[in-house]
Protein chains: 2
Amino acid sequence: MMGGVAEDVQSPRRSGRPRRPPLDRGVIAKAALEIIDERGWAGCTMLALASRLGVRAPSLYHHIEGQDQIVDLVRGLVIEGIIDPSESGLEWREAFFAFGVSYYRAFATHPNTIQTLSTTPVRDAPTLRMYEGFLRMMSEAGWDLTRSYEAVIGLEHLALGFAYEWNAEELMLDSGLALRHGAPLLAEITRDRTEQPVIAEATFLSLLRRYIEMFALHLGVDPSEAAGFDPPSRQERT
Amino acid sequence: MMGGVAEDVQSPRRSGRPRRPPLDRGVIAKAALEIIDERGWAGCTMLALASRLGVRAPSLYHHIEGQDQIVDLVRGLVIEGIIDPSESGLEWREAFFAFGVSYYRAFATHPNTIQTLSTTPVRDAPTLRMYEGFLRMMSEAGWDLTRSYEAVIGLEHLALGFAYEWNAEELMLDSGLALRHGAPLLAEITRDRTEQPVIAEATFLSLLRRYIEMFALHLGVDPSEAAGFDPPSRQERT
DNA sequence: ACCTGAACACCGTTCAAGT
DNA sequence: ACCTGAACACCGTTCAAGT
């Protein structure tokens with residue numbers, strides 16, 4: 001009974017290779033991000049995801065607990081490309097800047113993820129590590145936690161705003177519509193945004209520099225007092 | 001035939017009053033915003049909306065074209081509370097500041113609208129008017145359109161980020177989870193955020209002041225050149 | 001262990017039928 | 001003119017049944 005030799009004669013080895021990659025969280029995450037990039041988050045249904053993977057929708061539930069977990073997986077994938085500022089060895093301003101730039105680029109590459117990722121609870125380890133890395137870097141430079149946390153929150157939304165505004169499929173503002181509603185200035189500035197993504201990054205970088213300077217001037221203290229330079233009161237470390 | 005007197009005898013006038021408000025876009029918008037405030041945008045289904053209005057779902061389609069239009073209506077309602085900086089009569093920095101504050105408050109009052117409103121094309125007249133008003137104010141103060149547009153985009157996302165982060169039902173970051181994943185600094189700063197909304201507004205206001213100063217320093221030009229004062233090259237107005 | 005078909009509850013939207 | 005029940009296509013998810 002066991003070990004029957006009733007195998008097809010003319011498939012000596014060729015038949016052993018499965019024609020689709022074995023399912024696991026990694027390939028599911030990758031497929032999900034691809035669909036989101038191509039068709040937006042709404043297009044990433046369980047059916048679309050399953051059929052891209054050559055499988056039926058219920059099969060996915062053997063590897064993930066539900067749609068929520070796809071959010072976590074995709075977030076991990078997007079966040080992966082962001083540098084850890086606590087391991088950069090740079091002075092805090094430069095580490096902050098490098099972090100901000102790579103944060104912006106990660107999301108500018110995947111603008112369709114922004115809507116969901118920016119307003120969904122963080123549950124994945126890579127993202128928690130990212131925050132911790134930023135806080136550690138700032139802490140080691142002498143900043144207090146509250147200030148550092150405000151800094152990263154503000155930075156995130158500034159970066160996400162620019163990344164989305166200039167890279168998302170659907171434009172937020174339609175020039176023709178603005179004109180028809182008696183908003184000529186708005187209509188003018190929203191015309192011809194073909195090559196704007198490039199300009200947008202330059203603008204963001206410029207803004208980011210200013211943003212960091214703002215914190216360097218010790219937010220909450222009269223700028224004239226702190227004007228001009230180095231890190232605030234350095235905490236003693238053992 | 002016409003004008004039959006076959007009316008119920010004992011309902012001389014009382015029966016004339018309908019027990020539910022007549023349906024129109026205004027009441028639909030208001031009901032939608034209430035549901036979104038209470039249960040989040042996902043809770044605002046056509047069924048939930050209809051039943052709050054004492055009506056069946058298909059009835060809504062006699063007044064609105066579909067769910068997309070609900071977005072427009074709700075946006076109009078939220079944006080309504082924001083001041084028009086071009087009619088404030090204030091100096092540009094103060095007008096900018098007042099605009100930013102009322103923008104922040106409008107969304108801090110309705111944090112559950114942020115996810116959808118911040119990533120959905122603008123189609124409603126009130127919001128287009130809001131942008132136009134800001135651009136006109138900046139233009140009259142001598143700023144060029146591109147700079148002004150960047151200013152309002154950056155401001156929006158900064159404001160939305162803070163408004164969401166500190167007022168949304170679901171916290172973005174869970175302290176316990178952070179601790180369990182080896183992120184002690186993040187865990188510490190996200191503990192006890194009970195009365196944070198108040199602190200958040202103060203933080204945002206402080207940040208907003210700096211943000212405006214940043215633009216006052218003529219973004220894109222070496223700050224040491226422009227350091228310290230008044231509006232940029234004033235355009236001639238007829 | 002993993003995939004599947006069938007089924008369920010719940011969406012948004014359409015439409016012929018009523019008044 | 002406006003509301004309704006019934007119906008449709010499409011979701012996410014569950015589960016017993018297969019291998």
Side-chain angles (χ1 to χ4, degrees), chain A residues 1-4 6-8 11 15-29 31-32 35-36 38-74 112 115-116 120-121 123, chain B residues 1-4 6-8 11 15-29 31-32 35-36 38-74 112 115-116 120-121 123:
Chain A
M1 224 176 240
M2 58 186 294
E7 272 276 302
D8 278 333
S11 54
S15 71
R17 182 166 349 122
R19 62 233 158 289
R20 69 166 168 74
L23 233 49
D24 64 29
R25 294 186 187 196
V27 303
I28 292 175
I35 295 173
I36 292 162
E38 291 168 15
R39 310 204 286 263
W41 205 296
C44 186
T45 65
M46 296 305 263
L47 184 111
L49 184 52
S51 72
R52 169 167 301 228
L53 292 165
V55 115
R56 303 303 175 109
S59 305
L60 298 171
Y61 290 81
H62 286 99
H63 302 94
I64 58 172
E65 289 174 25
Q67 236 172 182
D68 281 1
Q69 199 161 6
I70 292 181
V71 178
D72 298 342
L73 292 171
V74 169
N112 292 344
Q115 170 168 25
T116 298
T120 282
R123 293 182 232 96
Chain B
M1 222 177 245
M2 60 184 293
E7 270 277 302
D8 278 334
S11 57
S15 70
R17 181 158 359 115
R19 61 234 159 289
R20 71 165 167 74
L23 232 49
D24 64 28
R25 294 186 187 199
V27 302
I28 291 175
I35 295 172
I36 293 161
E38 292 168 14
R39 309 205 286 262
W41 205 297
C44 186
T45 65
M46 297 305 263
L47 184 112
L49 185 52
S51 72
R52 168 167 301 227
L53 292 165
V55 113
R56 304 303 177 109
S59 305
L60 297 171
Y61 290 83
H62 285 99
H63 302 93
I64 59 172
E65 289 175 25
Q67 236 171 184
D68 280 1
Q69 200 160 7
I70 292 181
V71 178
D72 297 342
L73 292 171
V74 168
N112 293 344
Q115 169 167 26
T116 297
T120 283
R123 293 181 232 98

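We name chains A, B, ... by the order of the sequence lines, and we start the count at 1 in each one.
We find the CD1-CD1 distance between A:Ile70 and A:Ile28 to be 7.0 Å, quoted to the nearest 0.5 Å. The CD1 atom of A:Ile35 lies 7.0 Å from the CG atom of A:Leu53; values are rounded to the nearest 0.5 Å. Residue B:Asp72 holds its CG atom at 9.0 Å from OG1 of B:Thr120, rounded to the nearest 0.5 Å.
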Under a 3.5 Å cutoff on both atom distances, Watson-Crick or G-U, what's the dot-bracket for DNA chain D ([ ] crossing, | other strand)? ||.|||||...|||||.||
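Spacing between atom CG of A:Asp24 and atom P of C:dC3 amounts to 10 Å, rounded to whole angstrom units. Rounded to an integer number of Å, the gap from CD1 of A:Ile28 to P of D:dG12 is 14 Å. The nearest whole Å value for the distance from the CD atom in A:Gln67 to the P atom in C:dC11 is 14 Å. Across the protein-nucleic acid pair, B:Met46 atom CE and C:dT13 atom P stand 5 Å apart, rounded to whole Å. Between the CZ atom of A:Arg25 and the C1' atom of C:dC2 there is a distance of 15 Å, rounded to whole Å. Regarding A:Ile64, its CD1 atom lies at a distance of 12 Å from the P atom of C:dC3, rounded to whole Å. When rounded to the nearest whole Å, the span between CG of A:Leu53 and P of C:dT4 equals 11 Å. Regarding B:Leu47, its CG atom lies at a distance of 15 Å from the P atom of C:dA9, rounded to whole Å.
Between A:Glu65 and B:Leu60, the residue whose closest nucleotide on DNA chain D is further toward the 5' end is B:Leu60. Of the two residues near DNA chain D, B:Ala57 and A:Tyr61, the one whose nearest nucleotide lies more 5' is B:Ala57. Between B:Asp68 and B:His62, the one whose closest nucleotide on DNA chain C sits nearer the 5' end is B:Asp68.
Within the structure, no pair that satisfies the side chain to side chain donor-acceptor pair (under 3.5 Å) test touches residues 58-69 of chain A, not counting sequence neighbours.
Contact annotation: the side chain of A:Ile64 approaches that of A:Met46 to within less than 4.5 Å [non-hydrogen atoms, C-beta and beyond]. Counting heavy atoms from C-beta on, the side chains of B:Trp41 and B:Ile36 come closer than 4.5 Å.
Proximity of B:Ser59 to the phosphate of D:dT4: a side-chain N or O atom is located under 4.0 Å from OP1 or OP2. Residue B:His63 places at least one side-chain N or O closer than 4.0 Å to OP1 or OP2 of D:dC3.
Listed candidates were D:dG12, C:dT4, C:dC15. Nearest to the side chain of A:Thr45 is D:dG12.
Among residues two or more places apart in sequence or in another chain, the salt bridge (charged side-chain N to carboxylate O under 4.0 Å, His left out) test is passed with A:Arg52 by A:Glu34, A:Glu38.
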